[in-house]
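Just so you know, ligand 1 is whichever comes first in the structure, and atom 1 is the first atom listed for that ligand. Given the structure is predicted, the values throughout are model-derived calculations rather than measurements. Start at 1 with the first residue, then count along the sequence.
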Amino acid sequence: MASRVVFLSFVVFSFSSVLASDPSSLQDFCVADANNTALVNGFACKDPKMVQADDFFFSGLHLPGNTSNPVGSKVTLINVAKIPGLNTLGVSLARIDYAPWGINPPHYHPRASEIFTVIKGSLEVGFVTSNPENRFITKILHQGDVFVFPAGLIHFQRNLGTGRAFAISGLSSQNPGIVTIANAVFGSTPEISSDVLVKAFQVDKNVINYLQKKF
Ligand SMILES: *[C@@H]1O[C@H](CO)[C@@H](O)[C@H](O)[C@H]1NC(C)=O
Ligand SMILES: *[C@@H]1O[C@H](CO)[C@@H](O)[C@H](O)[C@H]1NC(C)=O
């Protein structure tokens with residue numbers, strides 16, 4: 001009986017760690033079939049005989065993103081929606097452009113860790129560990145430096161220069177997902193009751209109303 005409990009806990013533990021990232025492939029590839037409406041964890045596979053080189057291809061990542069927005073940054077994410085051949089492979093890529101002093105605001109990826117490298121410029125980056133420590137781990141990066149943002153932790157980047165900067169990230173999911181903290185908390189549809197946010201943030205209701213209007 002005891003050994004059975006141990007075995008079951010082992011099975012449960014193995015499953016929970018496996019489910020923390022994209023499942024492993026059971027074939028060479030499974031190119032997403034946009035025409036198939038089957039609901040699976042990812043997308044149904046296109047007939048392998050019909051697969052073309054273009055199913056694994058994207059062009060245009062040399063072009064800077066448009067950073068004319070209030071935060072001064074633009075993320076160009078190349079996920080399974082852009083390259084159907086990424087389906088089931090557990091990876092994706094992003095280019096992040098920054099205007100002078102632009103930020104990629106605090107956010108997290110529910111399904112991916114991120115490995116980030118600066119191609120041009122200098123950036124302040126950081127992430128915060130989970131409760132109760134909430135330790136802020138931060139560093140200043142220059143061209144060629146690489147930094148890691150662990151899955152599910154809130155992180156951000158800021159351009160420290162008067163010129164444009166850009167970076168490239170690898171992400172450990174075909175569909176990392178993104179939760180931008182300000183948008184999720186103050187800009188949800190429908191809104192979270194301001195009374196809840198007043199207590200959560202310990203500020204005046206006017207501050208919450210202001211933020212809810214902004215997002
Ligand atoms: C989806 O169907 C259209 C029309 O039949 C076809 O042209 C296209 O190639 C199909 N796409 C895929 C991914 O199979
Ligand atoms: C960049 O975005 C801004 C704001 O949306 C827009 O006004 C501008 O035309 C865009 N620039 C380019 C080159 O697309």
A.B. asks: Flag this pair as yes if the NZ/CZ of R164 is under 6.0 angstrom from the six-membered ring centre of Y98 and inside a 45 degree cone about the axis; otherwise no.
C.D. replies: no

A.B. asks: List of N/O pairs, ligand 2 versus protein, all under 3.5 Å?
C.D. replies:
| unit_1 | atom_1 | unit_2 | atom_2 | d |
| --- | --- | --- | --- | --- |
| ligand 2 | 2 (O) | N66 | OD1 | 3.3 |
| ligand 2 | 2 (O) | N66 | ND2 | 2.4 |
| ligand 2 | 11 (N) | N66 | ND2 | 2.9 |
| ligand 2 | 14 (O) | N66 | ND2 | 3.4 |

A.B. asks: So that I know where these two stand, are F29 and F56 an aromatic pair - ring centroids less than 6.0 Å apart?
C.D. replies: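 Here the rings of F56 and F29 have centres that are less than 6.0 Å from each other.
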
A.B. asks: Within the 3.5 Å criterion, strictly below it, is a donor on S73 or R158 matched to an acceptor on the partner's side chain?
C.D. replies: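 Side-chain D/A pair, S73 to R158: absent.
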
A.B. asks: Could you tell me whether K139 and D145 make a salt bridge, using a distance below 4.0 angstrom between a side-chain N and a carboxylate O?
C.D. replies: no

A.B. asks: Whether the N87 and Q174 side chains hold a donor-acceptor pair (N or O, under 3.5 Å, no angle test) is what I'd like checked.
C.D. replies: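 Short answer, yes.
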
A.B. asks: Looking only at side chains, do E114 and S169 share a donor and an acceptor under 3.5 Å apart?
C.D. replies: yes

